[in-house]
Amino acid sequence: DWPDKIPPIAKYAFTYLFVQAEFGIMCPISVTDTSMEILLKFADEDLQRRYIDKMLLTDRETMLRGTQFMTEKRGGSDVGRLETEAVHDGKDWRLYGEKWFCSHVDADLAMILARPDGAPEGTKGIGLFLLPRTLPDGSRNSYRVKRLKPKMGTNSMASGEIVLEGAIAYPVGDLAHGLKHMMVQVNLSRLSHGVRAASMMRRCYNEALAVARSRIAFGGELIDKPLVRRQLLKIQVPTEQALSMYAYTADQLGRAKDGDKVADERVRILTPLYKFRACRDNPGVATASMEMRGGNGYIEDYINPRLVR
């Protein structure tokens, strides 16, 4: 057992190792973790008591899984244009509208942004809510999955579109600072995305090395050929960059959690930068690894097509 809370650098090290074997289900694990962070940081005691312990369970039949519903047709990067409305009926907050890209769409709990009735336009009028799939009395909440997204990429973890039809939701924190609260989860998700990209690049690099060290062509092993070594270096450099940047960013996150204000500022800069760079480098590394395997890399008998997706 770990003697205290697992520090971020260790938590994301486990992510780094796990994703080399299985990428798809890491999104639900990550977004459950980041949803708990939001609830612990901003939710009232009643919501924490109702949901936190169940989110920590490991039994798949009883555990509660979290997610984040933010993107809309109008409000993608320009979140302030979102159209989802939150109306108070005298007893509960009810949500109306659509969310256009919902990863882990079948989660039990969703952190969701909506504009409370009468709130101003723009980002300052956005509130953060907790949307449960099942209400405390056991009934299903009033939203439905409109469709699953035909994504180009990961097929093993469905994303979808949802329609909110008066769904009951619970305010999380100050409704005047909803986007600010949500950005805590977004930044943690960025770090997780970067680590997953770093992990996938490591798998790609390992696949390329396996081919280079085992295939015989033109009188010797591929790894002894200068152009093959050049190709391996083109894969290795971004792979190592992403690994070292994960370690530094996660270390700074741990220091920030311990009260280091300078580290906190660094994390705010590092997380979007890391996600941008690692996720941008990942497709090139995956394609280069496929090329190392040659024609077999294009065949679904091997892992390479999945890594490219």
Side-chain angles (χ1 to χ4, degrees), residues 27 30-31 34-44 47 66-89 92-105 107 109-132 141-147 149 151 159-194 256 264-277 279-280:
C27 175
S30 172
V31 81
T34 57
S35 295
M36 281 193 291
E37 184 80 15
I38 291 286
L39 290 175
L40 288 169
K41 201 174 185 69
F42 302 116
D44 59 34
L47 282 182
T67 190
Q68 173 197 79
F69 296 165
M70 186 165 65
T71 305
E72 299 185 9
K73 292 178 181 178
R74 281 185 55 188
S77 298
D78 189 0
V79 181
R81 299 184 67 206
L82 68 76
E83 298 176 306
T84 300
E85 296 179 326
V87 178
H88 200 272
D89 65 3
D92 298 306
W93 284 98
R94 293 185 176 272
L95 304 187
Y96 299 87
E98 295 187 25
K99 293 295 181 180
W100 188 79
F101 198 102
C102 303
S103 295
H104 193 203
V105 71
L109 304 168
M111 310 306 300
I112 186 168
L113 294 178
R115 193 179 309 280
D117 195 25
E121 294 296 313
T123 57
K124 292 183 179 179
I126 296 173
L128 177 62
F129 296 85
L130 174 66
L131 175 74
N141 207 351
S142 301
Y143 72 90
R144 57 188 170 86
V145 179
K146 186 176 181 179
R147 70 164 183 159
K149 308 290 278 190
K151 298 184 297 182
S159 298
E161 301 171 18
I162 68 164
V163 179
L164 299 148
E165 301 168 318
I168 291 176
Y170 309 113
V172 177
D174 186 345
L175 289 181
H177 297 95
L179 181 59
K180 184 177 180 180
H181 294 341
M182 177 68 94
M183 288 307 295
V184 173
Q185 184 175 28
V186 169
N187 272 335
L188 291 172
S189 295
R190 286 169 173 165
L191 176 54
S192 178
H193 279 293
D264 187 57
E265 292 296 318
R266 287 176 180 153
V267 169
R268 291 183 64 188
I269 297 170
L270 286 166
T271 48
L273 179 64
Y274 181 42
K275 183 195 175 187
F276 162 71
R277 183 57 189 261
C279 295
R280 187 186 68 173

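Quick note: residue numbers are just sequence positions, from 1.
Taking every heavy atom of both residues into account, Gly125 and Pro116 meet most closely at O-CD, 3.3 Å. Here the closest non-hydrogen pair linking Gly194 and Tyr274 is O-OH, 3.2 Å. Nearest approach of Gly160 to Val105, heavy atoms of both residues: N-CB, 3.9 Å. Looking at every heavy atom in both residues, Ala86 comes nearest to Leu95 through CB-CD2, 3.5 Å. Among all heavy-atom pairs drawn from Thr271 and Arg190, the shortest one is O-CB, 3.7 Å. Asp89 and Asp92 get closest at one heavy-atom pair: OD1-N, 2.6 Å.
Partners of His88 according to the ring-ring contact (aromatic ring centres under 6.0 Å, His included) rule, which considers only residues two or more places apart in sequence or in another chain, are Trp93. Partners of Phe69 by ring-ring contact (aromatic ring centres under 6.0 Å, His included), not counting sequence neighbours: none found. For Lys41, there are no salt bridge (Lys or Arg N to Asp or Glu O under 4.0 Å) partners at least two apart in sequence or on another chain. Under the rule for a ring-ring contact (aromatic ring centres under 6.0 Å, His included), the partners of Phe42 that lie at least two apart in sequence or sit in another chain are His181. For Lys151, the side-chain hydrogen bond (donor to acceptor under 3.5 Å, both in side chains) criterion is met by Ser159, not counting sequence neighbours. Residues satisfying the side-chain hydrogen bond (donor to acceptor under 3.5 Å, both in side chains) test with Arg280, not counting sequence neighbours, are none.
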Walk me through it: do Met111 and Leu130 pass the test side-chain contact (heavy atoms from CB on, under 4.5 Å)? CA-CA 5 Å; Met111 310 306 300; Leu130 174 66; 3.8 Å; yes
Evaluate the side-chain contact (heavy atoms from CB on, under 4.5 Å) criterion for residues Gln68 and Val186: first the C-alpha distance (whole Å), next the side-chain angles of each, then the deciding distance (0.1 Å), finally the verdict. CA-CA 9 Å; Gln68 173 197 79; Val186 169; 3.6 Å; yes
Assess whether side-chain hydrogen bond (donor to acceptor under 3.5 Å, both in side chains) is satisfied between Gln185 and Ser35, documenting all intermediate values. CA-CA 7 Å; Gln185 184 175 28; Ser35 295; 3.0 Å; yes
Under the criterion side-chain contact (heavy atoms from CB on, under 4.5 Å), I'd like the reasoning laid out for Leu128 against Leu113: C-alpha separation, chi angles, the key distance, then a yes or no. CA-CA 5 Å; Leu128 177 62; Leu113 294 178; 4.0 Å; yes
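Of the possible polar contacts, none joining the Ser30 side chain to the Cys27 backbone as a donor-acceptor pair under 3.5 Å is found. Between the side chain of Thr67 and the backbone N or O of Val31, no donor-acceptor pair lies under 3.5 Å. Remark: the backbone N or O of Glu83 is not paired with any side-chain donor or acceptor of Arg115 at under 3.5 angstrom.
Trp100 carries Lys149 over the face of its six-membered ring, with the cationic atom under 6.0 Å from the centre and within 45° of the normal.
To the nearest 0.5 Å, the span separating CZ on Arg94 from CD1 on Ile168 amounts to 4.0 Å. Interatomic distance, CD of Glu165 versus OH of Tyr96, reported as 10.0 Å (0.5 Å rounding). How far NZ of Lys73 is from CD of Glu98: 5.0 Å, rounded to the nearest 0.5 Å. Separation of atoms CG (Leu188) and CD1 (Ile38) is listed at 7.5 Å; rounding is to 0.5 Å. Here the CD1 atom belonging to Ile112 is positioned 4.5 Å from the CG atom belonging to Leu164, to the nearest 0.5 angstrom. Atom CD1 of Ile126 is separated from atom CG of Leu82 by 4.0 Å, given to the nearest 0.5 angstrom.
Residues Val267 and Asn187 form no side-chain contact, since every pair of their non-hydrogen atoms from C-beta on lies 4.5 Å or further apart.
Using a 4.0 Å cut-off between a side-chain N of Lys or Arg and a carboxylate O of Asp or Glu, Lys99 and Glu72 qualify as a salt bridge.
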